[in-house]
Amino acid sequence: MPEVVLRGFGWRHAGRRAWAVRGVDLRISHGERVLLLGPSGAGKSTLLAALAGLLPEDSGESEGTVEIDGLEPVKARERVGIVFQDPQTQLVMARSGDDVAFGLENRGVPAEEIWPRVSAALDRVGFPYPLDRRTSALSGGEQQRLALAGVLAPRPGLLLLDEPTANLDPAGGALIRSAIARSHDPDTTLILVEHRIAEALTLVDRVVVLEPGGGVRADGTPSAVFALLGDQLAEEGVWVPGRPLPTHRAVAPPADSLVRAEHVTVRHRLAATSICVRAGEALAVTGPNGAGKSTLALVLGGLLAPTSGSVDAAPGGAPHRWRAAALTQRIGSVFQSPEHQFVTSRVADELALGPRQLGRTDVSAIVDELLDRLRLTKLAGANPYTLSGGEARRLSVATALATAPRLLVLDEPTFGQDRRTWIELVELLARLRDDGCGIVAVTHDDDFVTALADRTVVLGGAG
């Protein structure tokens, strides 16, 4: 019997008119390794959640059937392991080793087997710390490695990976892909979602392309699918290998300094760093996971006080001392995890919040413009927490733009974007830069750096 069978499967989130995914007929046999493709919003993450038994009946409407070895997903959960786009959602313990051991203990694995399996799983993903490392002290990429280790340790029969390398530096991504390759077992089935697919193709033997709102569009070997539909898929947003990307050089040299940090540190999170961000400049901050990039973004954005050193955004001095209204008007921040900055239950309300708090009289016009610019108009009434990863990222960027700040601090701005929305987002940031906005982007996306960055700062090891 095929391990995974979907017949006419569809799912619609509560309160949404459009189906997240619909009409999916799919059979995946034991041991197959499948890459699931489609533009942002095609329902890839929703389909994985369905296979993991994580779509409760009271949170939406379903149709069709989903079976794993003839069982409903909720009855087959012990056979399934899933790694989400946001690793924080599945870390449950304070110490890293305990987090990996948690799943083994719940499955009743004999005590003498637990810790050898924990250590082996952490070694496979290249986790660089001892077992007692606190999970709260890990960077986003390090959390992703830990989450994958926790899923590999119980040795699941069905492994579901939702962009497992999205938050990782190139070396970390290579380690994860190597771990996935080594996890191959004739009895283990892999379903992988990745937007940037060139490296992922070595891990799979089959590609399934979802049609947004309309079932399976293509299914076959990677070479067959891309030979048949490569150009069309690239135009529609799929990251088909080998297609060039546009670059955007600044139209003028940078102007005055917007924020300057001198020898700033954050205890255990950021070593001494000096950096200056200027108007009309796109500055990329790169470096390995754990180097303190996200911490630096919080400091520059006025959301975290440094332990030592100074931050000056003249006029006004240190941004972390400003009142919220002043900070919102001058600096817009986009967090690594978009969900951490959503506070309302509707996309349109999320965009209206900042301008309304500043007393703007043209709130509706601002909201409509941003919905259009970020391709979110059809989602205006949706709950932000039901968006796909790529849609949530675009909403977080839009909320930062809503108050028209002169400085934008973005943490992994291209995370989760399909090719089309990636190009649109880079073009938007290029226009903002050329209009005099300063942009700081923490990123592991080499293509983004090539396409937009006027200058790059590389952070070293953790401080």
Side-chain angles (χ1 to χ4, degrees), residues 12-13 15-22 37-46 85 163 166 193 195-196 209-214 217 232-240 243 245-246 248 332 334-335 338-339 341-342 344 346-355 363-404 408 410 412-433 435 437 439 441 443 445 447-448 451-452:
R12 177 164 58 185
H13 293 287
R16 299 276 286 272
R17 292 183 180 180
W19 291 77
V21 61
R22 197 174 197 187
L37 294 182
S40 179
K44 303 181 293 297
S45 295
T46 301
Q85 286 179 341
E163 299 205 56
V193 170
H195 272 102
R196 312 303 293 272
V209 183
L210 292 185
E211 186 80 61
R217 180 177 182 182
Q232 296 176 44
L233 292 174
E235 291 178 3
E236 295 166 6
V238 175
W239 285 98
V240 178
R243 269 54 177 187
L245 293 167
H248 301 272
V334 174
F335 302 152
E339 299 82 1
Q341 63 194 95
F342 299 154
T344 73
R346 293 176 72 249
V347 167
D349 293 340
E350 201 70 40
L351 296 176
L353 184 64
V363 174
S364 294
I366 293 172
V367 170
D368 290 343
E369 179 188 4
L370 288 171
L371 288 172
D372 181 62
R373 290 170 75 183
L374 276 301
R375 204 182 283 271
L376 295 168
T377 301
K378 293 182 179 180
L379 299 169
N383 188 313
Y385 294 96
T386 66
L387 303 182
S388 72
E391 292 163 348
R393 169 54 76 219
R394 297 202 302 281
L395 176 58
S396 66
V397 172
T399 59
L401 296 175
T403 56
L408 277 177
L410 311 165
E412 299 292 353
T414 55
F415 168 77
Q417 299 306 302
D418 64 31
R419 187 178 188 275
R420 180 172 60 178
T421 56
W422 186 98
I423 291 173
E424 292 170 349
L425 183 57
V426 171
E427 289 176 345
L428 171 62
L429 294 176
R431 289 196 300 270
L432 291 169
R433 185 257 328 265
D435 288 340
C437 184
I439 294 171
T443 184
D445 185 348
D447 288 331
F448 176 82
L452 185 69

Is there a side-chain contact between L428 and L374 in this structure, where contact means two heavy atoms from C-beta onward sitting under 4.5 Å apart? yes
What I'd like to find out is whether the side chain of F335 reaches to under 4.5 Å of the side chain of S396, using heavy atoms alone. no
Could you pull out the closest heavy-atom pair between P338 and A392, with the gap in Å? CB-O, 3.6 Å
Where is the tightest heavy-atom contact between A430 and H248, given as atom of each residue plus distance? CB-CB, 3.7 Å
How long is the gap from CD on E424 to CZ on R373, to the nearest 0.5 Å? 12.0 Å
Taking C-beta and beyond as the side chain, do L410 and I439 meet within less than 4.5 Å on heavy atoms? yes
Student check: side-chain heavy atoms of N383 and R346 closer than 4.5 Å: no
Mind checking whether L408 and L432 have side chains closer than 4.5 Å, heavy atoms only? yes
What are the two closest non-hydrogen atoms of D418 and G237, and how far apart are they? CB-O, 3.0 Å
Any donor-acceptor pair under 3.5 Å linking the side chain of K44 with the backbone of V209? no
Are V347 and L387 close enough, and set up right, to give a side chain to side chain contact (heavy atoms under 4.5 Å, CB included), and what steps lead you there? CA-CA 9 Å; V347 167; L387 303 182; 4.0 Å; yes
Can you tell me how far apart OG1 (T46) and CG (L210) are? Round to the nearest 0.5 Å. 10.0 Å
Could E236 and R217 be called an ion pair, given the rule that one side-chain N must be under 4.0 Å from one carboxylate O? yes
For L351 and A398, which heavy atoms make the closest approach, and how far apart are they? CD2-CB, 3.4 Å
Can any side-chain N or O of R393 pair as donor or acceptor with the backbone N or O of E412 at less than 3.5 Å? yes
Would T414 and D445 count as a side chain to side chain donor-acceptor pair (under 3.5 Å) here? Give the steps. CA-CA 8 Å; T414 55; D445 185 348; 2.8 Å; yes
Any side-chain heavy-atom pair from L245 and V426 closer than 4.5 angstrom? no
Ignoring hydrogens, what is the shortest heavy-atom contact between G41 and S388? Give both atom names and the distance. N-OG, 3.8 Å
Strictly distance-based, threshold 3.5 Å: is any side-chain N or O of W239 a donor or acceptor partner for the main-chain N or O of Q417? yes
What's the separation between atom OG1 in T377 and atom CG in L371, rounded to the nearest 0.5 Å? 5.0 Å
Taking it one step at a time, do T399 and E350 satisfy side chain to side chain donor-acceptor pair (under 3.5 Å)? CA-CA 7 Å; T399 59; E350 201 70 40; 6.0 Å; no
Quick one: CD on E391 to OG on S45, what's the gap to the nearest 0.5 Å? 9.5 Å
For residues L379 and L395, determine if any side-chain heavy atom of one lies less than 4.5 Å from a side-chain heavy atom of the other. no
Hey, does the side chain of R433 reach the backbone of L452 with a donor-acceptor pair shorter than 3.5 angstrom? yes
List the atom of R16, the atom of A382, and the distance in Å for their closest heavy-atom pair. CD-CB, 3.4 Å
Approximate separation, where rounding is to 0.5 Å, of E235 CD and R419 CZ: 9.0 Å
Do the side-chain N and O atoms of T421 and R375 include a donor-acceptor pair separated by under 3.5 angstrom? no
Could you tell me if the side chain of I423 sits less than 4.5 Å from the side chain of P246, heavy atoms only? yes
Straight-line distance of D372 CG to D368 CG, nearest 0.5 Å: 9.0 Å
